[in-house]
Every structure is written in structure tokens, then in C-alpha cells.
Amino acid sequence: MIRSIHRTLFISKRYASSGRAIVYSSYGNPIETVKLIRYEVPEPANDQVQVKLLAAPINPADINQIEGVYPSRPEMTTDELGSSEPVAVGGNEGVFQVVKVGKDVTGIKPGDWTIPLGSNLGTWRTVGNFAADALIAIDPFGLSKVQAATVSVNPTTAFMMLSQFVKLQAGDWFIQNAGNSGVGRAAIQLGRLWGLNSISVVRDRPDIEELTKELADLGATHVMTESQLSNRSQAAAIKQWTAGVPVRLGFNGVGGPSSTNIARQLANGGHLVTYGGMSKQPVTFPTSLFIFKNITAHGFWLSRHIEQHAGEKEAAVQAILKLYRSGQFTATRVIEHIIEDGQITDEQFEGAFKRALKGYFEGGKHLIVVG
Ligand SMILES: NC(=O)c1ccc[n+]([C@@H]2O[C@H](COP(=O)([O-])OP(=O)(O)OC[C@H]3O[C@@H](n4cnc5c(N)ncnc54)[C@H](OP(=O)(O)O)[C@@H]3O)[C@@H](O)[C@H]2O)c1
């Protein structure tokens with residue numbers, strides 16, 4: 001009896017194709033920790049969609065997950081890819097093309113592009129079967145793979161932070177550090193489109209004029225360096241720029257002294273929203289900011305926000321894609337690691353990720369692009 005059940009299962013499990021994934025089975029330094037594994041991909045179940053990778057970025061959260069220091073992490077399992085040891089697939093963001101759909105799936109068809117709805121999907125894989133309701137279908141018309149692969153985290157975060165903490169109106173100001181990051185660049189552009197003025201703080205660097213021009217071209221009203229911000233006399237310059245309009249909203253993606261300096265520029269009753277900690281230093285506030293200026297400090301985490309407000313991500317994504325198609329919004333600066341479509345070899349796939357992980361914060365956001 002048992003034997004015949006086994007045979008039935010074996011016969012019914014047809015493998016549609018084989019895939020390659022970048023996985024980790026322990027936590028540590030990403031480049032030393034990730035490895036490639038191959039797996040077989042069965043036909044999609046009735047409620048699943050089979051997709052192939054078009055492009056996936058390396059985001060700071062992906063790195064932190066592999067390091068084991070991110071609060072939300074995919075479970076390591078042998079079930080998902082049939083591996084001999086428990087593994088988790090890297091990557092939370094990316095764009096896939098639909099290859100086939102299960103018979104109960106509606107609203108997504110072969111050829112469509114899809115992006116993850118939530119976190120921990122494991123996007124660093126060539127092909128996979130995912131539940132249709134874990135994906136957002138997007139119309140590829142007028143979009144590049146880079147735009148689609150990077151829309152769901154950074155621009156969406158900027159979109160939500162700019163609209164949800166303070167009701168800003170045209171002519172209002174906000175200030176942010178990490179002005180050159182994916183989130184920072186998206187906030188600058190949305191600010192421009194929504195009539196908001198922005199002060200973007202970036203790390204000191206030799207080519208500061210070049211970066212200042214680049215961010216100004218995106219719509220930054222003013223760009224300043226961390227060392228300028230830390231100079232107390234800069235407050236007078238900021239007052240002059242804003243002509244007395246209170247700066248009521250600040251974004252902090254860095255932590256440490258940078259976040260303190262951003263908070264100091266806020267007006268009475270202002271709000272500081274911390275969304276990242278690139279310096280790995282704590283956020284500290286002078287007591288006087290709380291008592292005498294009544295500053296409110298918030299945290300924003302897209303993953304939590306989506307869990308609590310399910311429909312908002314798709315609405316924000318579709319709004320941003322519309323801006324991409326109209327040419328009013330550009331993707332963050334990226335370094336593409338291109339793999340030719342067709343028969344992707346182990347060496348090509350693993351090599352592209354290893355190169356991307358080696359320099360993951362240098363020169364822009366690193367992305368694996370297929371085709
Ligand atoms: N809370 C959320 O929901 C959410 C969503 C998206 C992102 N994030 C977080 O936001 C932060 C930025 O992410 P991203 O994807 O926008 O970044 P990104 O495009 O990959 O760029 C990284 C940025 O971090 C800066 N940076 C790197 N090391 C730094 C350090 N030691 N001190 C200060 N700045 C440093 C870089 O500055 P340079 O330009 O000078 O190289 C660059 O601007 C990360 O902490 C990420 O986890 C949070």
C-alpha cells in the first residue's frame with residue numbers, strides 16, 4: 001500500500017524545469033555565506049504562478065538578513081527547494097516574468113511581469129512557483145527591468161513616509177539624510193512632483209559638486225554634506241533657505257550624530273521618521289528637543305506597514321509606475337550585472353551575485369539583470 005502511494009506521488013510530480021538559486025544555510029558575511037544550489041521546479045499548483053527572473057537588486061535589508069541581524073527573515077527549510085540541508089533563498093525584491101499559471105489563477109497571465117507583494121519571497125532565483133496572491137501583477141508597457149525591479153521597496157517607502165506622518169502642502173519643506181540612497185532619491189523626486197522643497201544631506205566626498213548637481217537635477221532644493229550639517233552655524237543658512245517656513249518633517253536613514261543633527265533642524269512640533277540605520281549607530285536626541293521643541297520621533301518599516309494596510313503598497317507601486325511611464329521619475333543609480341538570457345549556467349548566476357555582493361554599496365545599487 002505504502003509503496004503504491006509513493007509511486008503515485010513520484011509519477012504525479014512532473015518537473016517543468018530546473019532552477020538556480022543563491023541561498024544561505026547559516027548567517028555571516030554575505031559574500032562568504034551565500035552559495036548556489038540547483039533545484040527542480042514542478043508544475044505550478046492550482047493557486048500558483050510559475051515565474052522566471054528578469055532582475056533583482058541587492059538591498060541593505062538583504063545583506064542584514066544574511067548577516068542574521070534583520071528582524072524579519074525567511075525560514076531555512078529543506079522543503080522549498082528539496083535541498084539536503086535547510087536553506088533560505090536570498091533577496092526580497094525583483095521583477096519576474098510569468099511563464100505559466102495554475103488553473104485557479106485569474107488576473108495574471110503568461111508574459112505579465114510580477115513583483116513581490118511582501119517580504120521574504122527569496123527573489124535571487126532563476127525560476128520559481130509562488131502563490132498568486134504573494135505577487136503584484138504589473139503591466140510591463142513603458143517600463144525597464146531596473147525600474148520594475150526596484151519599485152517595490154525604496155520609492156514605495158519614500159511615497160508612504162512623505163504622505164503619512166505630516167500633512168505637507170505645496171511649498172512646505174522636509175529634510176533628510178542618506179540623500180543619495182534609493183529612498184533619498186525617491187523622496188527628492190516625489191517632493192519635486194508634489195511641490196515640496198527638500199534639504200538632502202549626503203556624506204562628504206571629493207566629487208560633492210557632481211553629486212549635488214545630480215540630486216538638484218532630480219529636484220533637490222538644497223544639498224548639503226554631513227559636515228556642513230554638523231556645523232551649528234548652518235542653522236542660519238537653513239532658516240534663510242526656508243524663509244521662515246517651518247521644517248516639520250525629517251527622514252533619518254543613517255542614525256548616530258547625523259540623525260541628531262537632522263532632528264535639530266526641525267521646527268517646534270516637528271516629526272522625525274527613522275527608517276534605516278546605515279551607520280549602525282543608535283539614534284540619540286538631546287533632551288531639549290523633546291521638552292522644548294516637542295519633537296516626535298517615529299519609526300517606519302514598510303514590511304509592518306504593508307501587513308497592517310494591505311492595499312496601500314499596490315496603490316503606491318502603481319502610482320510610481322505611472323510616473324516612470326510618463327518620464328517624470330527615474331530609478332536610483334544602479335550598477336547592472338547582466339546575465340544573458342537562455343541557458344544560464346551556475347558560473348554565470350553565482351558569479352554575477354558574488355560580484356554584486358562584493359561591492360554592494362559602491363557606486364549605486366547593484367542589480368542582477370537577466371537578458
Ligand atoms: N524601513 C523601511 O521600510 C526601509 C525601506 C527601504 C530601505 N530602508 C533602509 O534605508 C536605508 C537605505 O536603503 P536604500 O536601499 O535606500 O540604500 P541604497 O540605495 O542601497 O544606498 C545606501 C546608502 O547608504 C549610505 N551609506 C552607506 N554606508 C553608510 C554609513 N556607514 N553611514 C551613512 N550612510 C551610509 C550610502 O551613502 P553614499 O551615497 O555616501 O555612498 C547610500 O546613500 C537602509 O538602512 C535600508 O535598510 C528601510
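We count ligands from 1, going down the list as the structure has it; atoms in each ligand are counted the same way. Basis for what follows: all heavy atoms, side chains included, without hydrogens, waters or symmetry-related copies. Because the structure is predicted, anything quoted here is derived from the model rather than measured.
- At a heavy-atom distance under 4.0 Å, only side-chain atoms of Lys365, from C-beta outward, approach ligand 1.
- Looking only at atom types and distance, the side chain of Gln189 has a donor-acceptor partner in the side chain of Thr330 under 3.5 Å away.
- Taking the six-membered ring where tryptophan is involved, the planes of His222 and Trp173 are essentially parallel, since the angle between them stays under 30° and well short of 60°.
- Using a cutoff of 4.0 Å between basic side-chain nitrogens and carboxylate oxygens, Asp172 and Lys167 are not scored as salt-bridged.
- The salt bridge (Lys or Arg N to Asp or Glu O under 4.0 Å) search around Asp133 returns none, not counting sequence neighbours.
- Ligand 1 lies nowhere less than 4.0 angstrom from a heavy atom belonging to Ala178.
- Applying ring pair (Phe, Tyr, Trp, His ring centres under 6.0 Å) to His298 and the options Phe251, Tyr275, Phe165 leaves one that passes, Phe165.
- The shortest contact between atom 39 (O) of ligand 1 and any protein heavy atom is with Asn180 ND2, 2.7 Å.
- Taking atom 23 (C) of ligand 1 as the reference point, the nearest protein heavy-atom neighbour is Ser181 CB, 3.6 Å.
- With respect to atom 47 (O) of ligand 1, the closest heavy atom belonging to the protein is Pro60 CB, 3.6 Å.
- Checking Tyr275, Phe251, Tyr70 against atom 10 (O) of ligand 1, the nearest heavy atom belongs to Tyr275.
- With respect to atom 19 (O) of ligand 1, the closest heavy atom belonging to the protein is Gly182 N, 2.7 Å.
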Using distance only, find each side-chain donor-acceptor pair of residues 58-66 under 3.5 Å and give its atom names and separation, not counting sequence neighbours.
unit_1, atom_1, unit_2, atom_2, d
Asn59, OD1, Lys365, NZ, 2.7
Asn59, ND2, Glu93, OE1, 2.8
Asp62, OD1, Asn92, N, 3.3
Asp62, OD1, Asn92, ND2, 2.7
Asp62, OD2, Asn59, N, 2.8
Asn64, ND2, Glu67, OE1, 3.0
Gln65, OE1, Asn92, ND2, 2.9
Gln65, NE2, Ser72, O, 2.8
Gln65, NE2, Asn120, OD1, 2.7

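- Looking at ligand 1, you won't find any N or O of Gly253 less than 3.5 Å from one of its N or O atoms.
- Of the N or O atoms in Arg203, one or more lie within a sub-3.5 Å distance of an N or O in ligand 1.
- Among protein heavy atoms, atom 31 (N) of ligand 1 sits closest to Met278 O, 3.5 Å.
- Judged by distance alone, the side chains of Thr77 and Glu75 never bring a donor and an acceptor atom under 3.5 Å apart.
- Using a 3.5 Å distance cut-off with no hydrogens or angles, the side chains of Asp204 and Ser227 do pair a donor with an acceptor.
- Under a 4.0 Å criterion applied to the non-hydrogen atoms of Val153, ligand 1 contributes the atoms 5 (C), 6 (C).
- Close approach of ligand 1 to Gly277 is summarised as follows: ligand atoms under 4.0 Å from at least one heavy atom of the residue are 45 (O).
- Contact annotation for Val254 and ligand 1: only side-chain heavy atoms (C-beta onward) come within less than 4.0 Å of the ligand.
- Tyr27 and Arg73 form a side-chain donor-acceptor contact under 3.5 Å, judged by distance and modelled atom types alone.
- Residue-level proximity to ligand 1 for Asn154 is carried by the side chain, the only part with a heavy atom below 4.0 angstrom.
- A salt bridge between Glu336 and Lys145 is absent, with no side-chain N of the basic residue lying under 4.0 Å from a carboxylate O of the acidic one.
- Ligand 1 does not have Thr332 within reach: every non-hydrogen atom of the residue lies 4.0 Å or more from it.
- For atom 5 (C) of ligand 1, the closest non-hydrogen atom on the protein side is Thr157 OG1, 3.2 Å.
- Residue Arg205 has at least one nitrogen or oxygen atom sitting less than 3.5 Å from a nitrogen or oxygen atom of ligand 1, judged on distance alone.
- Glu312 and Gln164 share a donor-acceptor pair across their side chains, judged by distance under 3.5 Å alone.
- Among all non-hydrogen protein atoms, the one lying nearest atom 3 (O) of ligand 1 is Leu302 N, 2.6 Å.
- At under 3.5 Å, a nitrogen or oxygen of Phe300, whether backbone or side chain, sits near a nitrogen or oxygen of ligand 1.
- Residues Arg325 and Asp139 have side chains in contact (heavy-atom distance under 4.5 Å, counting atoms from C-beta outward).
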